[in-house]
There are 2 protein chains.
Amino acid sequence: MTMPSSRSVPSRSGDPRERIERTAYELFSRHGTRAIGVDTLAGRAGVAKMTLYKHYRSKDDLVLAFLRRREELWTRTWLQNAVRDRSRKPAARLLGIFELFDSWFRKPDYEGCAFLKVLLEQSDPQHPVRTAVRGHLQAIRSLLVELAAEAGARHPARLAQQWQMLMMGCIVAAYAGERNAAREARKAGAFLLRAEGLRA
Amino acid sequence: MTMPSSRSVPSRSGDPRERIERTAYELFSRHGTRAIGVDTLAGRAGVAKMTLYKHYRSKDDLVLAFLRRREELWTRTWLQNAVRDRSRKPAARLLGIFELFDSWFRKPDYEGCAFLKVLLEQSDPQHPVRTAVRGHLQAIRSLLVELAAEAGARHPARLAQQWQMLMMGCIVAAYAGERNAAREARKAGAFLLRAEGLRA
DNA sequence: AGGCAGCTATACCGGTCGGTATAGGCGGGA
DNA sequence: TCCCGCCTATACCGACCGGTATAGCTGCCT
């Protein structure tokens, strides 16, 4: 009677720490960090609350671990690899991001970008969590700068910055229900490439 | 001793209802709606909690009122008027949005976009609050479509959608600390205009 | 003078927040 | 066999959550 949601999809396998992180990833990604309490988290992970606090000093610590995992799984494993596999020409790789986004946005359980959710729910600019998000956005930026440079852009840093704004803008638009956001962003991106003297 | 923050900047003037809405505007805009409880709100407004619940059935109701006020003050009074005053040529008006954003982002107390904050903190797509945000974003879109059409764009709806993504993207980028986001977005926007056969 | 509407203050409700204390179960290594 | 390290379960802490009940004050209308 205590917690009806405790045992649903308990992510049973793995040691407790792994179960905690996996559960945090699912719940924080979907609902943000403010909406999920530590009791809910421990219950869903099938783990005692004390175990959680043995591995992480505070909830903020766990949130930071979640953000690291998000960079590992989303940025590196998903985005980076998919973009490199999708094409050989760097300019096409940049455009490929939006093709990737297009199928992402059309997933019925599309839940937006965890980095942006966490960024916007923290009003203190000095807070460690918000600082960490800035770092993770910077990691994505570095990837974009690299691609822009490989593509031979005149101003790789500028193109990367504009590209990232377009990415974030269409992620939010898709979250607001605009399912074709990625396709329109891709078209806009193509114009930016031309302005940099590139063609896909 | 009960509430040290109760009387700081109590927005003293006006009837209770106006004080509530003004306080909600300040607090929700800066911190989001999840971070601000009704006790804090009533305390800061210098109003009894019962008075608050006499004017609004629930906190969600108050949030909806806050969003309406945000559209009134931010979208209509601020954005719309400023853009119309800034220039006569519609294409220049579109670009003027980012010039307006540039000074907005450089305010030391820049607090981002309340619509986006509220949108991202609500994970249920059916929730009335999230539905309301979609409506407010649509209002901004309408303004953009109008400007794009006046400017003679070949595809006003498309240009408006891309423009809004650029706007949201640079709002978020600025929130992450990128102070020159608006200037770069403006440059990107100029390329989109050229692609539509327009010149500023 | 009476009355009523609007507001205030205070206390309360069950539930959840992040975080801690305590005691016991269970498995592996010596 | 005994112990120790890791985990569990449960209860607790003060604070806060959204929302309600009650009683009293104040000012305006008649």
Side-chain angles (χ1 to χ4, degrees), chain A residues 1-7 10-24 27-28 31-67 118 121-124 127-130, chain B residues 1-7 10-24 27-28 31-67 118 121-124 127-130:
Chain A
M1 178 67 84
T2 51
M3 192 129 237
S5 60
S6 295
R7 287 304 165 97
S11 352
R12 66 238 260 135
S13 65
D15 59 288
R17 177 161 186 133
E18 174 60 21
R19 263 181 292 160
I20 292 169
E21 292 221 5
R22 189 159 46 216
T23 307
L27 265 41
F28 287 163
H31 304 285
T33 65
R34 287 201 122 98
I36 301 297
V38 286
D39 294 275
T40 303
L41 200 81
R44 287 266 199 152
V47 150
K49 215 213 280 202
M50 281 308 296
T51 307
L52 194 155
Y53 276 99
K54 201 148 278 172
H55 290 288
Y56 308 92
R57 261 172 281 184
S58 65
K59 189 191 177 184
D60 278 353
D61 251 49
L62 178 55
V63 171
L64 293 175
F66 156 66
L67 292 174
V118 174
E121 68 183 1
Q122 187 49 254
S123 59
D124 174 16
H127 194 289
V129 163
R130 196 160 143 180
Chain B
M1 179 67 85
T2 50
M3 192 127 237
S5 60
S6 296
R7 287 303 165 100
S11 350
R12 62 235 265 138
S13 65
D15 59 287
R17 177 161 185 132
E18 174 60 19
R19 262 182 292 159
I20 292 168
E21 291 221 6
R22 189 159 47 218
T23 308
L27 265 39
F28 286 163
H31 304 286
T33 64
R34 287 200 120 98
I36 302 296
V38 285
D39 294 274
T40 303
L41 202 87
R44 286 267 200 151
V47 149
K49 214 211 280 202
M50 279 310 296
T51 306
L52 195 154
Y53 276 99
K54 201 146 278 173
H55 289 287
Y56 308 92
R57 259 173 280 184
S58 65
K59 188 191 176 183
D60 278 353
D61 251 49
L62 178 56
V63 171
L64 293 175
F66 155 67
L67 291 174
V118 174
E121 68 184 0
Q122 188 49 254
S123 58
D124 174 15
H127 194 289
V129 164
R130 196 160 142 181

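Labels below follow one simple rule: chain letters A, B, ... track the order of the sequence lines, proteins then strands, and each chain is numbered from 1.
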* Tell me, for nucleotides 16-21 of chain D in 5' to 3' order, what letter each nucleotide earns: B for a base near a protein heavy atom under 4.0 Å, S for only sugar-phosphate near one, - for neither? -> -SBBBB

Whole-Å distance between [N] [atom2] and [X] [atom1]?
X	N	atom1	atom2	answer
B:Arg19	C:dT8	CZ	C1'	11 Å
A:Lys54	C:dG19	NZ	P	16 Å
A:Glu18	D:dC7	CD	P	13 Å
A:Tyr56	C:dG19	OH	C1'	17 Å

Residues forming a side-chain hydrogen bond (donor to acceptor under 3.5 Å, both in side chains) with [X], sequence neighbours excluded:
X	value
A:Glu121	A:Thr33
B:Tyr56	B:Glu21
B:Asp61	none

* Where the side chain of B:His55 is defined as all heavy atoms beyond and including C-beta, which of D:dA9, C:dC7, C:dT8 is the nearest nucleotide? -> C:dC7

* Structure fact -> Here the salt bridge (charged side-chain N to carboxylate O under 4.0 Å, His left out) pairs for residues 48-59 of chain A, sequence neighbours left out, are A:Asp39-A:Lys49

* To do: Quick one: pull up NE2 in A:His31 and CD in B:Gln122 and give me the separation to the nearest 0.5 Å.
  => 10.5 Å

* To do: Using only side-chain N and O atoms of B:Thr51, determine if any of them is under 4.0 Å from OP1 or OP2 of C:dC7.
  => no

* Who are the side chain to side chain contact (heavy atoms under 4.5 Å, CB included) partners of B:Ala48, not counting sequence neighbours? -> B:Thr51

